[in-house]
K.L.:
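Just dropping this structure here.
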Amino acid sequence: MPADARVSFAEDLPPYRPGMELPPGAYRVLVTRSGFLPELRTVRVSGATRMTIVLERDAGRSR
């Protein structure tokens with residue numbers, strides 16, 4: 001979140017698309033959007049895994 005944030009993987013994977021399924025394992029996920037602080041997280045997938053990442057506004061850029 002926000003809904004128009006950009007999601008990408010550090011690994012050599014196809015581009016992110018909502019609802020995509022990945023094999024079990026650990027993946028580094030980068031979520032970015034202008035005006036927000038980026039979030040880089042390791043996500044462990046095992047079965048039906050779903051995660052919501054909420055970005056914080058970049059206080060230095062919101063002025």
Side-chain angles (χ1 to χ4, degrees):
M1 296 181 118
D4 61 346
R6 182 174 186 275
V7 179
S8 59
F9 296 103
E11 293 80 8
D12 186 24
L13 293 171
Y16 170 81
R17 68 182 190 292
M20 75 184 297
E21 293 184 18
L22 298 169
Y27 302 92
R28 290 173 46 94
V29 178
L30 176 63
V31 183
T32 59
R33 184 180 183 285
S34 179
F36 290 79
L37 298 172
E39 181 79 28
L40 177 63
R41 234 183 243 188
T42 298
V43 176
R44 297 197 189 294
V45 174
S46 61
T49 302
R50 189 165 272 237
M51 177 171 282
T52 300
I53 297 175
V54 179
L55 300 180
E56 288 185 50
R57 284 208 172 269
D58 184 347
R61 293 186 188 186
S62 62
R63 294 180 210 177

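Scope of the values below: all heavy atoms of this structure, side chains included, with no hydrogens, waters or symmetry mates. Sequence positions, counted from 1, serve as the residue numbers for this chain. Only a predicted model underlies this, so the values are computations on that prediction, with no experimental measurement involved.
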K.L.:
Roughly how far, to the nearest 0.5 Å, is the CE atom of M1 from the CD1 atom of I53?
P.N.:
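Going from the CD1 atom of I53 to the CE atom of M1 covers 12.0 Å.
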
K.L.:
Show me the donor-acceptor pairs within less than 3.5 Å that the side chains of residues 4-26 make with the rest of the protein, sequence neighbours left out.
P.N.:
{"from": "D4", "atom 1": "OD1", "to": "R33", "atom 2": "NE", "distance (Å)": "2.7"}
{"from": "D4", "atom 1": "OD2", "to": "R33", "atom 2": "NE", "distance (Å)": "3.1"}
{"from": "D4", "atom 1": "OD2", "to": "R33", "atom 2": "NH2", "distance (Å)": "3.3"}
{"from": "E11", "atom 1": "OE1", "to": "R28", "atom 2": "N", "distance (Å)": "3.1"}
{"from": "E11", "atom 1": "OE2", "to": "R28", "atom 2": "N", "distance (Å)": "3.0"}

K.L.:
Do the side chains of V45 and V31 join up, straight or via other hydrophobic residues, at under 4.5 Å, putting them in one cluster?
P.N.:
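Yes: a chain of side-chain contacts under 4.5 Å links V45 to V31.
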
K.L.:
Quick one: which residue pairs count as a salt bridge (Lys or Arg N to Asp or Glu O under 4.0 Å) with a foot in residues 38-50, not counting sequence neighbours?
P.N.:
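Of all non-adjacent pairs touching residues 38-50, those that pass salt bridge (Lys or Arg N to Asp or Glu O under 4.0 Å) are E39-R41.
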
K.L.:
Just how far is it from atom CG of L37 to atom CG of D58, taken to the nearest 0.5 Å?
P.N.:
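Rounded to the nearest 0.5 Å, the CG-CG separation comes out at 4.5 Å.
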
K.L.:
Applying a strict under-4.5 Å side-chain criterion to I, L, V, M, F, W and Y, I'd like to know whether Y27 and M51 cluster together.
P.N.:
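The answer is yes; both residues are in one hydrophobic cluster.
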
K.L.:
Ignoring hydrogens, what is the shortest heavy-atom contact between L55 and P38? Give both atom names and the distance.
P.N.:
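Closest pair (atom of L55, atom of P38, distance): CD2-C, 4.5 Å.
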
